[in-house]
Amino acid sequence: MVSLRRDRDVSPPIGSDALNAARRARELQALADGESVDVLVVGGGIVGAWCALDAASRGLSVALVERGDLAQGTSRWSSKLAHGGLRYLAHGDVGVAWESARERAILMDVSAPHLIRALPFLIPLGGQVDRAAGAKLEAGIRLGDGLRAAAGTSRRRLPSLRRVSAKEARRLAPGLSDRQLRGALLHWDGQIEDDARLVLDVARTAASYGARILTYVSAERLHADGASVRDVHGDGGGFHLRARRVVNATGVWAGELSGGAVRLRPSKGSHLLVPAAALGEPRAAVNAPLPGSGTRFVFAVPRADGLVMIGITDAPYDGPIPDEPAVDPDEEAFLLASIGRVLERTPTRDDVVGRFAGLRPLLASDDASATADLSRRHAVVAHDGLVTVVGGKLTTARRMAQDALDRIAAADAGPCATHRIRLAGWDRPQGDLATQLRFATTHELALTVDDLLDRRTRLGLVPARRDAALDAARAALATAATA
Ligand SMILES: Cc1cc2nc3c(=O)[nH]c(=O)nc-3n(C[C@H](O)[C@H](O)[C@H](O)COP(=O)(O)OP(=O)(O)OC[C@H]3O[C@@H](n4cnc5c(N)ncnc54)[C@H](O)[C@@H]3O)c2cc1C
């Protein structure tokens with residue numbers, strides 16, 4: 001047993017969704033003292049968070065350990081879309097597209113309507129997209145529309161595809177070039193307000209079912225009966241955390257922890273952020289087709305914070321997995337030039353105010369196909385007395401967790417209930433930055449300045465905004481320490 005730092009106990013009783021330093025310290029100490037749990041989840045990204053909620057809502061006792069903060073890894077570097085799976089349809093992968101459409105419906109209607117809105121997308125017709133290519137794209141989107149309807153998402157939630165005139169397209173996205181513009185396909189998909197917040201809200205909901213959400217606790221080795229863990233926020237002490245079942249949900253790091261039982265072929269995706277004014281204040285996302293590919297686009301997606309996100313690249317990534325991948329200059333040049341093909345004015349490096357990249361935890365396949373075409377399917381692999389769950393995407397993570405827990409839950413555990421659970425967070429207080437930062441320390445387990453600026457808020461996406469908020473973040477943590 002190790003000694004773990006005890007913070008003053010001001011936390012609410014178990015059953016609350018409030019997460020804070022005191023609750024973390026108390027729950028960690030109990031586990032270090034020998035308390036055991038039914039299920040240990042390793043990894044606090046979207047998949048681990050859903051696993052914790054799935055297990056806890058089946059009535060199992062749960063601990064989740066994450067070596068950094070919640071959403072420390074890939075889950076905060078996504079394009080923040082709740083996809084219906086159009087790309088997969090284009091590759092004939094109807095199963096993955098159907099799963100995406102169903103999970104999008106659950107996210108939009110049940111779990112997180114407070115975080116997801118309908119986003120219009122324009123595909124400009126003309127130039128790169130001749131009449132035959134336009135007709136093919138239209139047929140694919142109509143098929144996706146059929147999946148939307150079959151999955152139960154109403155047209156009021158996500159309208160059906162429409163062809164619009166060049167004039168209407170330019171009204172929705174004034175920066176669109178009118179060179180050769182014949183009109184556009186207008187279709188809709190789900191936009192997540194923030195991916196890190198989705199992870200947080202799932203984790204807080206799991207906490208309300210009694211799950212112990214333990215950030216800054218690293219799993220050094222996994223065993224069939226638990227894991228050797230270390231508290232990297234406290235005194236650095238380690239202990240054996242006892243669990244009847246272990247789920248490895250460490251995303252792109254899962255290969256290492258699975259001891260080679262799972263092989264991944266990570267793919268890097270990069271995004272840029274530019275002020276909306278640089279692209280004519282678009283109200284719709286714009287898809288710019290990539291030359292020579294009928295199914296791949298670079299998109300410019302308007303966000304609620306006055307920025308437009310330009311993405312995305314998709315290239316195999318070799319070598320050790322970095323904590324925070326960086327956007328390379330050639331990726332930046334590629335994204336700017338690609339979106340510039342359909343715009344009046346090509347944005348330049350000087351327009352870019354932020355950039356971020358992530359690594360997709362794609363399952364390796366035995367052929368040498370490009371990562372852009374690798375399946376976004378997920379896998380639940382049993383090995384060495386534990387299970388690894390990996391692959392998939394943000395949109396399908398709830399289903400991934402269901403499959404993982406179905407595999408390990410004892411016969412006396414309840415059935416999966418997560419498709420019926422509304423996530424915590426819908427009633428989060430609004431208000432100025434100081435109020436939100438304070439709430440993050442009392443209810444959202446923010447323990448550091450980085451937690452506040454890079455994950456509870458996303459000010460860190462734009463370095464200038466981050467710098468401006470540093471003092472406020474330090475003040476919020478100082479207040480929390482003396483409360
Ligand atoms: C650029 C990009 C864009 C994307 N866009 C979309 C999109 O728009 N829509 C969509 O649905 N999907 C999207 N995806 C896919 C989606 O983001 C990922 O599939 C998903 O976030 C992976 O979640 P995860 O929980 O498996 O991994 P992660 O989020 O990486 O979580 C794994 C966690 O495990 C932790 N960990 C690692 N090792 C240990 C250890 N030893 N002990 C404790 N903790 C550990 C890490 O710190 C990390 O927090 C995108 C992916 C990328 C890269």
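Whatever order the structure lists ligands and atoms in, that order sets their numbers, starting from 1. Starting from 1, each residue takes its place in the sequence as its number. This structure is a prediction, so every number in the text was calculated from the model and none was measured.
Taking every heavy atom of Val42 and a limit of under 4.0 angstrom, the matching atoms of ligand 1 come to 42 (N), 43 (C). Interface atoms of ligand 1 facing Gly45, defined by a heavy-atom separation under 4.0 Å, are 25 (O), 29 (O), 31 (O), 33 (C). Near Lys80, the atoms of ligand 1 lying under 4.0 angstrom from a non-hydrogen atom of the residue are 8 (O). Using a 4.0 Å cut-off to heavy atoms of Arg360, the atoms of ligand 1 that qualify are 51 (C), 52 (C), 53 (C). Atoms of ligand 1 found under 4.0 Å from any heavy atom of Ala219 (numbered from 1 in listed order, with element): 40 (C), 41 (N), 42 (N), 43 (C). Taking a cut-off of under 4.0 Å to the non-hydrogen atoms of Ala249, the atoms of ligand 1 that pass are 32 (C).
Here His83 has side-chain heavy atoms under 4.0 Å from ligand 1, and that is the only part of it that gets that close. Under 4.0 Å from ligand 1, not a single heavy atom of Val252 appears. Counting heavy atoms closer than 4.0 Å to ligand 1, residue Glu256 contributes nothing at all.
For atom 15 (C) of ligand 1, the choice among Lys393, Gln72, Arg104 with the nearest heavy atom turns out to be Lys393. When the heavy-atom distances from atom 35 (C) of ligand 1 to Glu66, Arg67, Arg221 are ranked, the shortest goes to Glu66. Counting only non-hydrogen atoms, the option in Ile46, Leu394, Asp195, Leu81 that gets closest to atom 9 (N) of ligand 1 is Leu81. Taking each of Gly68, Ser78, Pro266 in turn, the one with a heavy atom nearest to atom 6 (C) of ligand 1 proves to be Ser78.
Side chain of Arg23 to main chain of Ala18: a donor-acceptor pair is present (N/O by atom type, distance under 3.5 Å, no hydrogens or angles).
Relative orientation of the His187 and Phe121 rings is parallel, given thresholds of 30° and 60° on the angle between their planes.
Protein heavy atom in closest approach to atom 26 (O) of ligand 1: Val47 CG2, 3.4 Å. Here the heavy atom of the protein found nearest to atom 2 (C) of ligand 1 is Trp77 O, 3.6 Å.
Remark: Asp314 engages Arg360 in a salt bridge, criterion side-chain N to carboxylate O under 4.0 Å. A salt bridge is defined here as a Lys NZ or Arg NE, NH1 or NH2 lying under 4.0 Å from an Asp or Glu carboxylate O, and Asp194 with Arg455 fails to meet this definition. Between Asp403 and Arg407 there is no salt bridge, since no side-chain nitrogen of the basic residue lies less than 4.0 Å from a carboxylate oxygen of the acidic one. The existence of a salt bridge linking Arg398 and Asp54 is excluded, since no basic side-chain nitrogen approaches an acidic carboxylate oxygen closer than 4.0 Å. With respect to the salt-bridge test (charged N to carboxylate O, under 4.0 angstrom), the residues Lys268 and Glu331 qualify.
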Original post:
Going through the distances and angles, do Asn248 and Thr250 end up as a side-chain hydrogen bond (donor to acceptor under 3.5 Å, both in side chains)?
Top reply: CA-CA 6 Å; Asn248 171 17; Thr250 51; 2.6 Å; yes
Original post:
For Arg155 and Ser160, what are the C-alpha separation, side-chain angles and deciding distance, and is it a side-chain hydrogen bond (donor to acceptor under 3.5 Å, both in side chains)?
Top reply: CA-CA 6 Å; Arg155 272 201 209 123; Ser160 295; 2.9 Å; yes
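Contact between His271 and ligand 1 is present, with at least one heavy atom of the residue lying under 4.0 Å from the ligand. Close to ligand 1: Ile312, with a non-hydrogen atom less than 4.0 angstrom away.
Ser228 and His223 are linked by a side-chain donor-acceptor pair at a separation below 3.5 angstrom, with hydrogens and angles left out of the test.
Ligand 1 has no N or O atom lying under 3.5 Å from any N or O atom of Ser270, backbone or side chain.
For the pair Arg428 and Trp426, the cation-pi test (distance below 6.0 Å, angle within 45°) is failed.
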